[in-house]
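Here is the structure we will look at.
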Amino acid sequence: MFEWYPILVVGGIVGLFSAIFIIAYMIIHDDKAGIGFDRHMSDREIIRNLLRYAKPHWKTFVGVLFIMLLSTAYDVLSPIVIGEIEEVLKTEGFSLPQLYSRVAVFAGILAVSVICLYLEMVILQKLGQKILSEIREDTFKHIESLSHAQINSIPVGKLVTRVANDSEAISRLFSNILVNLIKNFFVILGVTVAMFIVNVELALMVLCFAPFIALFSFIFRKFSRRAHRRVKDGTTDINTFLSEHLSGMKIIQIFNREKRKQEEFEGKNRSLWRARRDEIMVFAVFRPIVYMLYIASVLCMLYLGARGYIKGTTLFGKEINSGIVVTFYFFIGTFFNPIQNLAEQFNRLQSALASAEKIQSIMAMKPDIVDEPDAIDPEHIRGEIEFRNVWFSYVPGEWVLQDVSFHINAGETVAFVGSTGSGKTTILSLLCRNYDIQKGEILLDGINIRRYKVSCLRRHMGQMLQDVFLFSGTIRSNLALREESFTDEQLLEACRFVNADSFLSKLKNGLDEEVRERGNNFSAGQRQLLSFARTVLHRPEIMILDEATANIDTETEQLIQQSLEKMMTIGTMLVVAHRLSTIRGADRIIVLSHGKICEMGTHEELIAQKGRYYQLYEQTVLREKQKNEEE
C-alpha cells in the first residue's frame, strides 16, 4: 500500500486544484450584455461567412495541410529515436556506426521538420496578408456604399477599429489559428497512438491526466474570453475617443478643457490597462497549472517506470526499460505542449470570431440608398429640377420638410433662405440622394431621381460646402481627386476661373504644394477657393453652394464674387447663403420657415412684399453693417 502513496499525493494535489477552479467557475457571473460583448451570431455562421475568403485559396490550404502533416513526423518519431539511442548506448558491443545511423535518422527527421515549418510559415503569412487586404478592401468599399445617415450613426473610431484591428484578427485566423488547431490535433493523436505502441501501461497513466487538462482548459476558456472581451471593448473606446478628440483638439484648447479631456482619456486608458492586466493574469495562472500537470505526469511516469524496471514487470508483453522511460519523457512534453496550445489557440479563435462578427455586423448593414435594377446613367443632363409635395424627416414623426413644391428651370440660379433648421440644407441633400424622402417626388429633367444611378446624380452635381474638406497630399491631388486625365493646364484654368490663382501663384511649389491634414496650412478662404476650383474642374451641370461663402473674408469675397457670376453661367445653381451679394444675383429666392415654403420671388419682389424675406434681409443688412464697422 505504501508504494502507491506518491501517486495518491499527486492525485490529491491535482484534485484540490480542480475543486478550486470548479468553484471559481461556478461563482463567476459572465454578464455579456454588461460588458457590451453579447454575441448574436453562432460560430458556425461566422465561419461560413468567412469561408468565401478562403475558397479562392483552397489549393494553398491543401498544400499547407500536407506540409503540416510532414512536420508533425518529428514530434511523433523523435522521442522513439532518442529512446533507441539511449538503449544503444548502454548495450554490450556498442559501436559508433550504430549510433551514427540513428543520429542520421534523427537529423533527417529534424531537417524535414525545419524545412516544412519554414515553408508553412512563409506560405501562411503571405496568404494571411492577401486575405487581410481583401477583407479591408471589402469593408472599406461597403462603408463607402452606406448612406450619410448610416455613417453618422457609427462613431468614426469604431469604423477605424473594424477596418484596421478587427480585420487583422481575422487574418490571423487563416494564417495561424485554424492551421495550428489542426496541427496540434494531429500531434496529440499521433503521440497518443505512438505511446500505446511503445508501452500501454505508461500511455494509460499519461491519459489519466487528460480529463484534468480538458477541465482546466474549459474553465480557462471562460476566464480568457471575458478578458479578451474587455480588451477589445477597451481598444475600441480608446480609438473612438482619440478619433473624435484629436479632430476636435482646437475646440478643446479654445475652451481650456485640456485637463478635463486628459482625465477622461486617463480613465479609458486605465480601463484598457486593467483589461490587459486581467488577460495576462489569466494566462499567468493557466500556464503554471498546465505545467504542474506536465510535471505531475513526468513524476508519475518516472515512478512507475522505475518501479516496473526494478521489478521487471510487463504489460501486454511490453517490458519497461530505460529507453522507454526516456521516450515517454519526451512523449509527455510533446503531448502537453499542443494541448496547452490548443487551449490558447481556441481562445484566440474565439477572439478572431468576435472580431469577424463585428466586421460582419458592418457588412450586414444594407445601404439605405441603392440603385434601382433598371437605373439610368445619362451622359448629360439639362439641370431642370422639381420638388412635388415632398415630405421628409430624419426622425420619424418630426418633419423637416412639409409638402414642399417648387420648380427650377435649367440654367437658373435659385437661392434658399430661412432661419436655422428651416430645411434649406436638407433640400440640397435630398437632391443628391444623400437621404431618401418619405413622401412626394423629386424630379430631374422630368424623371424621378430614384430612376438615376446614385453615381450619375453625384457626377452631374458639384457641391461646395461651408466646411471644406481637403485631403492630405498636394493641391493637384485635391483638385483632381486622383483623376489622371486632367492636365496641368486644365487645373490652372479652373484655378484662374475662380480666382484661386491669386494665392496659387505665390506658392513655391504651385500645384504640387503640400496640403496637410484637412488643409490646415491654408486659410478658410483659400480652402474655399480650392473647393470652387475642384467643382469647376469636374464640370457639373448642377452646382450647389451650401453656405460656401460664410467663412470668407471681405477681401476674398470680392475675389470670388466675380467667379460666382461666371459659375452661374455653367448650369443650374442652388445657393444657400446669408451673403446679400450672393442672394441678390439669384433668378429666384425661395423662403423657408419651419419646413414650409412661405415666400418665393426675386429679390425686388420679396422686398416689396415686406414679409419674412424682408425681415431676414433687414437683419442681414444690420449684421453686415456691424461687421464692416468692426473691420
Side-chain angles (χ1 to χ4, degrees), residues 133-134 136-146 148 151 156-157 159-160 163-164 167 242-243 246-250 432 434 453-552 556 559-560 563-564 566-567 570-571:
S133 298
E134 293 172 359
R136 282 179 174 166
E137 288 171 6
D138 288 351
T139 307
F140 183 75
K141 182 179 179 181
H142 185 74
I143 292 173
E144 285 184 314
S145 71
L146 300 179
H148 286 203
I151 293 176
V156 175
L159 294 177
V160 172
V163 177
S167 59
L242 289 174
S243 176
L246 290 179
S247 298
M249 186 57 67
K250 291 181 181 178
C432 302
N434 295 334
K453 288 187 176 181
V454 175
S455 59
C456 170
L457 283 176
R458 295 170 183 173
R459 185 176 71 249
H460 292 298
M461 297 181 187
Q463 300 184 59
M464 294 158 282
L465 309 178
Q466 178 179 352
D467 183 18
V468 177
F469 194 99
L470 296 181
F471 297 92
S472 300
T474 63
I475 291 179
R476 183 194 306 277
S477 65
N478 272 277
L479 294 179
L481 294 177
R482 307 299 179 185
E483 177 63 51
E484 302 293 337
S485 61
F486 294 113
T487 64
D488 283 5
E489 181 55 35
Q490 289 175 314
L491 296 173
L492 292 172
E493 178 61 29
C495 291
R496 285 193 291 268
F497 191 85
V498 299
N499 294 324
D501 60 322
S502 60
F503 75 90
L504 185 63
S505 59
K506 300 176 183 178
L507 299 177
K508 179 181 178 181
N509 299 314
L511 291 172
D512 294 313
E513 186 73 19
E514 178 189 9
V515 177
R516 294 198 289 267
E517 185 179 8
R518 299 184 68 90
N520 58 26
N521 54 326
F522 293 95
S523 68
Q526 290 172 336
R527 292 197 297 270
Q528 196 59 266
L529 288 173
L530 291 176
S531 170
F532 286 3
R534 178 166 59 191
T535 301
V536 170
L537 179 66
H538 289 81
R539 299 186 177 280
E541 286 88 348
I542 299 175
M543 286 177 293
I544 296 173
L545 278 76
D546 187 2
E547 297 289 1
T549 59
N551 292 329
I552 296 176
T556 307
L559 287 176
I560 71 169
S563 64
L564 284 175
K566 295 179 185 177
M567 292 166 67
I570 294 177

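The basis for the numbers below is simple: all heavy atoms, side chains too, and nothing from hydrogens, waters or symmetry mates.
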| request: Using side chain to side chain contact (heavy atoms under 4.5 Å, CB included) as the criterion, list what pairs up with Ile151, not counting sequence neighbours. | output: Leu146

| Atom CG of Leu530 and atom CG of Asn478: how far apart are they, to the nearest 0.5 Å? | 7.5 Å

| field | Test side chain to side chain contact (heavy atoms under 4.5 Å, CB included) applied to Phe486 and Leu537, step by step | value | CA-CA 9 Å; Phe486 294 113; Leu537 179 66; 3.6 Å; yes

| remark: Given the options Thr474, Thr535, Leu491, Leu479 meets side-chain contact (heavy atoms from CB on, under 4.5 Å) only with Leu491

| request: Any chance you could measure Arg534, atom CZ, to Cys495, atom SG, to the nearest 0.5 Å? | output: 11.5 Å

| Between Leu507 and Glu514, does a side chain to side chain contact (heavy atoms under 4.5 Å, CB included) hold up when you go through it step by step? | CA-CA 10 Å; Leu507 299 177; Glu514 178 189 9; over 6 Å; no

| task | Go through the steps to decide whether Leu504 and Leu529 satisfy the test side chain to side chain contact (heavy atoms under 4.5 Å, CB included), and finish with yes or no. | result | CA-CA 10 Å; Leu504 185 63; Leu529 288 173; over 6 Å; no

| request: Give, for atom CZ of Arg458 and atom CD of Gln463, the distance between the pair rounded to the nearest 0.5 Å. | output: 8.0 Å

| request: Ignoring hydrogens and angles, tell me if any N or O in the side chain of Arg136 forms a donor-acceptor pair with the backbone of Ala164 under 3.5 Å. | output: yes

| task | Calculate, to the nearest 0.5 Å, the distance between atoms CG and CD belonging to Asn521 and Gln526 respectively. | result | 9.0 Å

| query | From Asp501 CG over to Lys506 NZ, what is the distance, rounded to the nearest 0.5 angstrom? | reply | 10.5 Å

| Can you check whether Cys432 reaches Ile544 side chain to side chain, under 4.5 Å on heavy atoms? | yes

| task | Measure across Ala533 and Ala494 and return the closest heavy-atom pair with its distance rounded to 0.1 Å. | result | O-CB, 3.7 Å

| N/O donor-acceptor pair under 3.5 Å between Ser531 side chain and Arg527 backbone | no

| message | What verdict does the side chain to side chain contact (heavy atoms under 4.5 Å, CB included) test give for Phe522 and Glu513, after you've listed the backbone C-alpha separation in whole Å, the side-chain angles of each residue and the deciding distance to 0.1 Å? | response | CA-CA 11 Å; Phe522 293 95; Glu513 186 73 19; 4.2 Å; yes

| request: For Glu489, enumerate each residue passing the side chain to side chain contact (heavy atoms under 4.5 Å, CB included) test, keeping only those at least two apart in sequence or located in another chain. | output: Thr487, Glu493, Arg496

| request: To the nearest 0.5 Å, tell me how far Arg539 CZ sits from Glu541 CD. | output: 11.0 Å

